[in-house]
Structure formats: C-alpha cells, structure tokens
There are 2 protein chains.
Amino acid sequence: MDDTADGIARWRKVADEIRAMIGAAGAGAPDRLPVETELAARFGVNRHTVRRAIAALAAEGLLRPERGRGTFVERRPDRIVYPVGARTRFTENISQNARQAAGRLIGSGRESADRHIANQLQLAPGAALVRLESLNVADGVPLSVGTSWFPADRFPRIVAAYAETGSITKALAAHGVADYARRSTRITAERVAHDDAEHLGCASDAIVIVSESANYDADGVPIQFSRSRFLADRVELVFDS
Amino acid sequence: MDDTADGIARWRKVADEIRAMIGAAGAGAPDRLPVETELAARFGVNRHTVRRAIAALAAEGLLRPERGRGTFVERRPDRIVYPVGARTRFTENISQNARQAAGRLIGSGRESADRHIANQLQLAPGAALVRLESLNVADGVPLSVGTSWFPADRFPRIVAAYAETGSITKALAAHGVADYARRSTRITAERVAHDDAEHLGCASDAIVIVSESANYDADGVPIQFSRSRFLADRVELVFDS
DNA sequence: GAATATTTGTACGTATGTATC
DNA sequence: AGATACATACGTACAAATATT
C-alpha cells in the first residue's frame with residue numbers, strides 16, 4: 001500500500017510536507033500552492049495522492065482549492081468577539097466589535113411544540129408556536145443563523161415586527177416586553193447544516209458553535225427559546241462568570 | 001463528469017440516498033451499511049464514488065467505517081453536561097453527571113511565555129512557565145484534553161502534585177492556593193488536532209469545543225491559563241448567567 | 001469576444017495492502 | 001488459512017471553471 005513500510009499512508013506524509021511548506025515563514029510564506037501535477041511530480045506520487053492530502057488540509061481550514069484557479073493558503077482573519085451574558089442582544093453586542101451589525105429574516109412558520117421546546121418554554125407539548133429564522137451579519141459578513149420559537153398566543157405578530165426592525169429586542173418590545181434576560185446557555189458544536197451553509201456563505205464542512213438558550217421576561221416567564229449557529233471560523237463567544 | 005446533467009455530483013446523490021437509507025426509521029433502521037461493492041452495484045456507480053459519499057457522511061458523524069468489518073451507522077449517545085462557571089472544577093462538575101471522573105497527566109514541560117499567555121497571566125513575555133497536559137475521563141470515556149500554563153516560580157511542583165492527585169484543585173492547594181475562580185471564558189470550535197485525537201480516541205476529523213480561560217487566586221492574581229478541548233460529540237457546556 | 005491553455009473536480013478502472021471474520 | 005471488507009495508490013479520461021492569448 002505504501003512502499004515506505006512504516007505504516008504511514010503516503011497522503012499523510014504529503015500532507016505533512018505541504019503543511020511544512022505553507023507554515024514555513026510569515027513574510028515569505030506562499031499564499032498559493034503549486035498545481036497538483038507539479039506537487040505530484042515533486043513528491044513522487046500520483047496526483048490523486050496529492051489531492052487526498054489537500055482535501056485533508058482543506059478540511060482543517062489550511063487550504064482552499066478553487067476550481068480553475070488553484071489552491072490557496074487560507075489566512076483566516078481574527079474572529080469577531082461575541083460576548084454572551086444575561087442581556088445578550090445581537091445588534092448591540094456586535095456593534096462593539098464591528099462597524100455595522102444587522103439581522104435579517106430568512107424564514108418563519110407556525111408549528112406545535114415538541115417535548116424539548118415545550119419544556120423550555122414551560123408550555124404543554126403541542127402548544128402553538130411561532131418560529132423565526134434569522135441571519136445575523138456584521139460588516140457584511142454573515143456570522144450566525146438563529147432559530148427562535150415564541151408562544152404564538154402571546155407574540156402573534158413577532159415575525160412581522162422582526163422583519164420591520166431587524167431586532168428581536170424591538171420585536172419583543174412591540175409586544176410589550178420591556179426587558180428580558182437569559183438564564184443559562186447550552187453550548188455544543190457540529191458541522192454546519194446544508195441550508196445554514198448556504199445562508200452563511202461558508203464551506204459545506206464548516207463548523208458551527210450551537211448555542212441554545214431561553215429568554216425570560218421580567219416576571220420570569222419564558223418568552224423565547226432559541227438555537228443559534230455561529231460560524232466557528234468567524235466568531236468566538238465570550239462568557240463572563 | 002456526471003451524466004445526469006443537472007450539475008449535481010453523483011457522489012452527492014449517493015450520499016443523499018444513503019442518508020435516506022439510514023435515517024429511514026427509528027426501530028427498523030439498519031445499524032450497518034451494505035458493503036461498498038454492493039452499494040456501488042445498487043446505485044450503478046463505481047465503488048470509489050460510493051466511498052466518496054461515505055467519506056462525506058462519516059465526516060458528518062453519521063457513519064463510521066471500520067476496516068475489515070464494515071461501515072456502521074453512528075448512533076451518538078447523549079452528551080454529558082459540563083456546567084461552566086466561576087468555580088468550575090472538572091472532577092466535581094462531572095461527577096454530578098457521571099459515576100466516575102478522573103484526570104490523568106499526559107504530558108508536561110517548561111517553556112517561556114509567548115505574548116498571548118504572558119498577557120493572560122500578567123507576566124512579561126518570556127517569563128518561565130510550567131505547562132501541564134491532562135486528559136479528562138468520565139466513566140472511562142475521554143471527554144477532553146487540556147493544556148494549562150502556570151508561572152514556574154510560584155508553582156514549581158505543580159506537575160508532580162497533579163500527577164499524584166489527578167486534580168488541578170488539589171495541586172494548586174499544595175502550593176497554598178485555597179481558592180480560585182475564573183472570570184471569563186472564550187469559546188471557539190475547530191477540528192481536533194492529531195495528537196488530541198489519539199488521546200481522546202476519536203475520529204481524526206472530530207470536532208472539539210475549545211475553551212480558553214484564566215484562573216485567579218483570592219487576591220485576583222492570575223495563577224493559571226488553560227486551553228481545554230472538549231469533544232463536541234460527548235460533551236455539552238452549560239453556562240449560567 | 002473567441003479560442004486556447006491551465007487547473008481543479010468527478011468518475012471509472014485496476015491492483016494491492018491490512019484488518020477482521 | 002481463506003474469505004471478506006475497508007484503505008491506499010496508481011492510471012486514465014473528461015468536465016467545469018478560470019486564466020490567458
């Protein structure tokens with residue numbers, strides 16, 4: 001299988017060599033790779049073996065192959081800092097780090113509560129909900145997509161209000177919620193869903209940080225359950241404790 | 001390239017069909033895939049095309065191919081809940097959710113502070129540090145690996161103390177630190193590093209939640225900076241606010 | 001703008017290695 | 001030991017997107 005007989009696949013060695021190439025120096029570091037055929041010749045392997053190595057490095061976010069153009073070294077910009085606390089509000093938070101922040105409605109619907117959401121919102125399973133899908137953008141760069149569920153009877157016009165204002169806070173205010181807070185936040189991470197990748201304009205194998213939380217009004221009544229997917233490449237969450 | 005002429009690669013269609021196969025039902029759902037040659041015959045494509053599809057689904061965590069055995073459907077267990085707060089301590093936290101929790105020393109060393117860590121520990125760049133690598137296991141399942149840095153002059157024997165006790169808290173106590181707390185936690189997510197994957201016993205393309213934080217003693221002096229990598233498949237972090 | 005060359009993406013074929021059954 | 005099943009590797013061809021002439 002590999003003629004080096006040390007049990008390491010060739011494509012892994014090629015990947016390591018490429019890693020060394022691109023990680024060599026900061027200033028003189030190349031920003032693009034030689035073409036696949038030349039790499040294959042240089043390493044004495046088949047083009048497919050080079051491609052296997054490139055695919056692995058691309059999955060790590062180190063390379064970005066573009067059909068017809070070449071394979072480029074990924075220089076990832078610093079991540080935008082997203083502070084999470086009891087009073088987290090997207091627009092206000094992000095505008096501390098970015099020049100422009102906006103939320104946009106990308107979908108909505110009505111559905112009945114499954115067990116998990118019913119529990120979070122302290123409703124009976126099957127209760128009527130409004131679902132709201134939003135895309136959050138800072139400085140023109142999509143950062144996250146979020147799905148929120150609201151009790152339909154209390155927030156009948158939440159979708160329209162959000163579509164107008166681009167702000168959950170304002171949409172809630174239009175329903176008489178002057179203040180709200182979150183209590184706890186569950187954090188997981190996974191590969192981005194297909195639909196989310198399209199909205200976020202990211203690679204189909206990108207990683208998202210998933211944040212689930214509920215918001216409560218001043219009386220402690222749950223008013224919103226949300227599940228946000230943050231692009232891990234572009235955002236870091238900061239929790240103060 | 002594909003004879004369907006709708007611009008969708010064949011391997012993607014095969015992936016979708018396999019996804020449908022395994023996601024069919026809860027009870028009667030298969031727990032393993034037919035062998036690659038049979039899938040290739042069934043879908044009328046080459047075995048490599050099937051493999052490309054399987055690789056994509058494996059990257060999503062849906063399949064787990066095992067050499068010589070077959071390709072299995074991944075049924076992921078519920079994640080262990082890991083509460084994060086000012087007084088987060090691994091052993092105490094996890095033992096609320098698991099029967100057994102333990103930390104094990106997997107590496108250590110001495111190094112000098114780079115800019116980032118020096119800043120976090122309020123030291124001059126180049127200051128002497130002790131680095132401690134640990135593997136955290138609950139119920140025999142590796143959950144996370146962590147790297148911690150301590151000022152070398154204040155915690156000269158921290159590695160030995162941790163090796164003996166398996167607890168950072170106790171190792172710090174041996175150096176006279178009765179209490180400590182964290183102030184903020186930075187959360188990112190990325191693909192697991194190669195070395196970490198070996199310790200965690202996970203797939204090489206698994207996702208980890210990366211948590212960076214500093215701990216401070218009762219006088220507010222930073223005593224530890226740590227970078228923990230939690231397997232996203234096995235753990236969820238919960239922050240109270 | 002059109003034709004051509006370059007470069008990555010997909011697909012199939014074939015062979016062999018390695019782990020498991 | 002033999003059969004089975006996934007892993008790696010090379011070869012070939014063409015498609016699709018981009019760059020160049």
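In the text below, chain A, chain B and the rest are named by the order of the sequence lines, each starting its count at 1.
One can place CZ of A/R69 at 13 Å from C1' of C/dT6, the figure rounded to the nearest angstrom. Between A/L39 atom CG and C/dT6 atom C1' the separation is 15 Å, expressed in whole Å. Residue A/R67 contributes atom CZ, which lies 5 Å from atom P of D/dA17 at whole-angstrom precision. When the P atom of D/dA7 is taken as reference, atom CD of B/E66 falls 9 Å away, rounded to whole Å. In this structure, A/I54 atom CD1 and C/dT7 atom P are separated by 13 Å, rounded to whole Å. Remark: C1' of C/dT20 and CD of B/E36 are 14 Å apart, rounded to the nearest angstrom. Counting to the nearest Å, the C1' atom of D/dC6 and the CZ atom of B/F72 are 11 Å from each other. Protein atom CZ of A/R64 is 13 Å distant from nucleotide atom P of C/dT8, rounded to whole Å.
Only one option out of B/R67, B/R52, B/R47 pairs with B/E36 in a salt bridge (Lys or Arg N to Asp or Glu O under 4.0 Å); it is B/R47. Of the residues listed (A/I187, A/L237, A/T185), the one engaging B/L237 in a side-chain contact (heavy atoms from CB on, under 4.5 Å) is A/I187, and it is the only one.
Nearer to the 5' terminus of DNA chain D, by closest-nucleotide assignment, is the contact made by B/L33 (compared with the other of B/L33 and A/G68). Of the two residues contacting DNA chain C, namely B/N46 and A/R51, the nearest-nucleotide position lying further toward the 5' end is that of A/R51.
Among the atoms of the strands shown, none is found under 4.0 Å from any heavy atom of B/T37.
A/S148 places none of its side-chain heavy atoms less than 4.5 Å from the side chain of A/S134.
When the side-chain nitrogen and oxygen atoms of B/T71 are compared with OP1 and OP2 of D/dA5, none of them lie within a distance under 4.0 Å. Look at A/R52 and you won't find any side-chain N or O under 4.0 angstrom from OP1 or OP2 of D/dA7. Not one side-chain nitrogen or oxygen of A/T49 sits closer than 4.0 Å to the OP1 or OP2 atom of D/dT8. An OP1 or OP2 oxygen of C/dT8 is reached within less than 4.0 angstrom by no side-chain nitrogen or oxygen of A/R47.
The side chain of B/W11 lies closest to C/dT10, out of C/dT8, C/dT10, C/dC12.
One cannot find a donor-acceptor pair under 3.5 Å joining the base of D/dA7 and the side-chain atoms of B/H48.
The residues B/E17 and B/R19 are annotated as not salt-bridged, no charged nitrogen and carboxylate oxygen being separated by less than 4.0 angstrom.
At least one donor-acceptor pair under 3.5 Å links the side chain of B/R229 to the backbone N or O of B/R227.
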